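What you see is a predicted model, and the numbers here were worked out from it, not measured in a lab. Just so you know, residue 1 is the first one in the sequence shown, and it goes up from there.
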Amino acid sequence: MTAQFPFDNSYANLPERFFTRQAPATVAAPRLIAVNRALAARLGITLPEDATEVAQIFSGNALPHGADPLAQVYAGHQFGGWSPQLGDGRAILLGEVLAPDGARFDIQLKGSGRTPYSRMGDGRAALGPVLREYIISEAMAALGVPTTRALAAVTTGETVLRERALPGAVFTRVAASHIRIGTFQYFAARRDTEALAALCTHTIARHYPGADGPLGLLNAVIDAQAKLIAAWMGLGFIHGVMNTDNMTLSGETIDYGPCAFMDDYHPDTVFSSIDQFGRYAYANQPQIAVWNLAQLATALLPLIPDREAGIDSFTAAINGFSDRFDAAWDGVLRAKLGLATQAEGDGALARDLLAIMAENSADFTNTFRALSGTDPRRARDQLIDPTALDPWLARWHERLAMEHRGAVDRIAAMQGTNPARIPRNHRVEEAIQAGISDDFALFERLMAALAMPFGDDPDFAAYAQPPSESERVTATFCGT
């Protein structure tokens, strides 16, 4: 069977200063680790049954018909420091596909060789980061969070040099687009108003066709990002590298490098090994989003004829992020607590629970899951001092009594919001280490456990357990 991709490549029609046309580098001996055939069907992609043929496609060795490969250019603020030119240093956009429902998606190979934007890097990916992105992006999709997706992962038969020699791999990422805040910053920094206007028009048509000009686009992105960050935080997720080149205009999560899910809850939690000062800590994510969105506003400003009026309207839009995020976050917390209605004091009730959890090193996921059960008092078992939760439980039950639905419906709703399983760091790490040794059984088992995260499946009970002291992962690392 010949592979068929419904390519329709719109980004490639933008001016050539947006990208460099370049085919992915070939690799020595590609071997398929995983392919997401359900996602392929969703995208309208037909793939061969033979794993060797699939590996040839997703390694970059065999370009599918209709591909128009290119590396995108962008800039960005990285940990607050300005980088005037970044770009796809180890990625190639094969093209865009139109799914059967008319939705448009990028198909990108990561680890596909050097490009003009590699900045002295080798353009390759090690197997560990490829497995991490595959696991966590698919887990996020199953958890209902807007995210890029994993279509395939292959080993290359070659080694890459990092701290040591590691097996190389290529990851195939699917995204609504790879347009970033940094893409706009790149052209704004060069005072290329023509390119900015073309990018703005393209982005509106692709993601927010109802948006009215640059201000409409900014407001749409602010709304999408407010909801996204609230969704992250409702799962205890820490992105770890919220640079402006890692924030998409589509509102999808992108770049699963030093990311992690918390075990014990604390708002100051940081895992990223490169985030030495906690810039991207769990609780800082909303304010970092504001900072990043302000950079987008600055980049869009040259498109406004009346600069002073533009500054006023853009400033008002950015200042509105807080209210939008608070509304989204309150909604997430109400759902996690089984509250279908709004009442005065709901925010204080939720935040008091989080404070008690922080003081008692409570497991974030398991505490909320326990509250979702038929015996919510089991949540006490997650705290160092179980009695610390008792006054709060009494307040919560009083609030639940104000709801007009039965316990069965509430429990079902809560269990559909509070997952039983997340990609815990120690489980991800053990799957990666086994994969580096060419054993993918743990990877496949973990993927199966995370595919239906809201069900109490006894076969995967071990994946709901927090790590022992010896299993704890305290630092995660950038994929480069």
Side-chain angles (χ1 to χ4, degrees), residues 139-145 227 230-237 261-267 282 328-343 345-424 427 449-467:
M140 290 286 266
L143 289 163
V145 179
K227 293 172 181 175
W232 288 357
M233 295 182 69
L235 295 167
F237 177 75
F261 288 77
M262 284 192 291
D263 295 308
D264 295 351
Y265 172 74
H266 197 284
Y282 171 82
W329 183 222
D330 286 347
V332 167
L333 290 172
R334 278 196 303 271
K336 291 183 77 65
L337 295 180
L339 305 178
T341 60
Q342 297 183 40
D346 286 352
L349 183 70
R351 286 164 179 77
D352 288 349
L353 172 61
L354 293 175
I356 294 167
M357 290 168 61
E359 291 166 4
N360 285 271
S361 300
D363 186 90
F364 185 89
T365 301
N366 288 350
T367 299
F368 281 104
R369 186 67 180 186
L371 289 173
S372 308
T374 55
D375 182 9
R377 285 179 59 83
R378 294 183 63 182
R380 300 168 80 252
D381 300 338
Q382 300 297 323
L383 279 65
I384 294 172
D385 176 10
T387 64
L389 193 60
D390 292 342
W392 183 89
L393 284 170
R395 291 169 55 200
W396 179 54
H397 283 298
E398 288 177 3
R399 174 62 182 87
L400 290 177
M402 299 167 57
E403 296 281 303
H404 299 290
R405 64 175 173 178
V408 172
D409 289 344
R410 174 184 58 78
I411 289 170
M414 290 181 71
Q415 291 188 348
T417 299
N418 296 311
R421 293 174 300 283
I422 56 167
R424 291 185 181 270
R427 291 297 189 182
L450 297 173
M452 302 287 286
F454 296 103
D456 284 318
D457 190 331
D459 289 341
F460 299 123
Y463 290 90
Q465 297 302 313

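Distance check, rounded to the nearest 0.5 Å: CG of Asp264 to OG1 of Thr367 gives 9.0 Å. Atom CG of Leu354 is separated from atom NE2 of His266 by 11.5 Å, given to the nearest 0.5 angstrom. Note: Thr365 OG1 to Ile422 CD1 = 3.5 Å, rounded to the nearest 0.5 Å.
Applying the salt bridge (Lys or Arg N to Asp or Glu O under 4.0 Å) test to residues at least two apart or on different chains, the pairs with a partner in residues 408-424 are Asp263-Arg424, Asp363-Arg424.
In summary, the side chains of Arg399 and Thr341 do present a donor paired with an acceptor at a separation below 3.5 Å, with no hydrogens or angles considered.
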Assess the residue pair Leu371 and Leu353 against the criterion (side chain to side chain contact (heavy atoms under 4.5 Å, CB included)); give the C-alpha distance rounded to whole Å, side-chain angles, the decisive distance to 0.1 Å, and a yes or no. CA-CA 11 Å; Leu371 289 173; Leu353 172 61; 3.9 Å; yes

Derivation of the side chain to side chain contact (heavy atoms under 4.5 Å, CB included) call for Tyr265 and Gln382: CA-CA 11 Å; Tyr265 172 74; Gln382 300 297 323; over 6 Å; no

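Checked by atom type and distance alone, the side chain of Asn366 pairs as donor or acceptor with a backbone atom of Ala464 at under 3.5 Å. Arg351 contributes a side-chain N or O that, together with a main-chain N or O of Gly347, makes up a donor-acceptor pair within less than 3.5 Å. Trp392 contributes no side-chain N or O that, together with a main-chain N or O of Asp352, makes up a donor-acceptor pair within less than 3.5 Å. Without hydrogens or angle criteria, Gln415 side chain to Ser372 main chain gives a donor-acceptor distance under 3.5 Å. In this structure, the side chain of Tyr282 does not engage the main chain of Gly236 through any donor-acceptor pair within 3.5 Å. Under the 3.5 Å distance criterion, the side-chain polar atoms of Arg427 are left unmatched by any main-chain donor or acceptor of Pro467. For Asp346 (side chain) and Gln342 (main-chain N/O), no donor-acceptor pair under 3.5 Å exists by modelled atom type. Under the 3.5 Å distance criterion, the side-chain polar atoms of Asp457 are matched with a main-chain donor or acceptor of Asp459.
Surrounding NE2 of His397 are more than 12 heavy atoms belonging to other residues, nucleotides or ligands, all under 6.0 Å away. More than 12 heavy atoms of other residues, nucleotides or ligands sit less than 6.0 Å from atom NZ of Lys336.
Shown here for Asp456 and Ala420, the closest heavy-atom pair between the two residues is OD1-CB, 3.8 Å. The two residues Gly338 and Leu400 have their closest heavy-atom pair at O-CD2, 4.0 Å. Closest heavy-atom contact between Ala142 and Ala451: CB-O, 3.7 Å. In terms of heavy-atom proximity, Trp396 sits nearest to Leu337 at NE1-O, 3.0 Å. Nearest heavy-atom pair, Leu235 versus Phe261, reported as atom, atom and distance to 0.1 Å: O-CD2, 3.4 Å. Minimum heavy-atom separation, Phe454 to Gly416: CE2-O, 3.5 Å.
Trp232 is listed as a side-chain neighbour of Met140, based on a closest heavy-atom distance under 4.5 Å.
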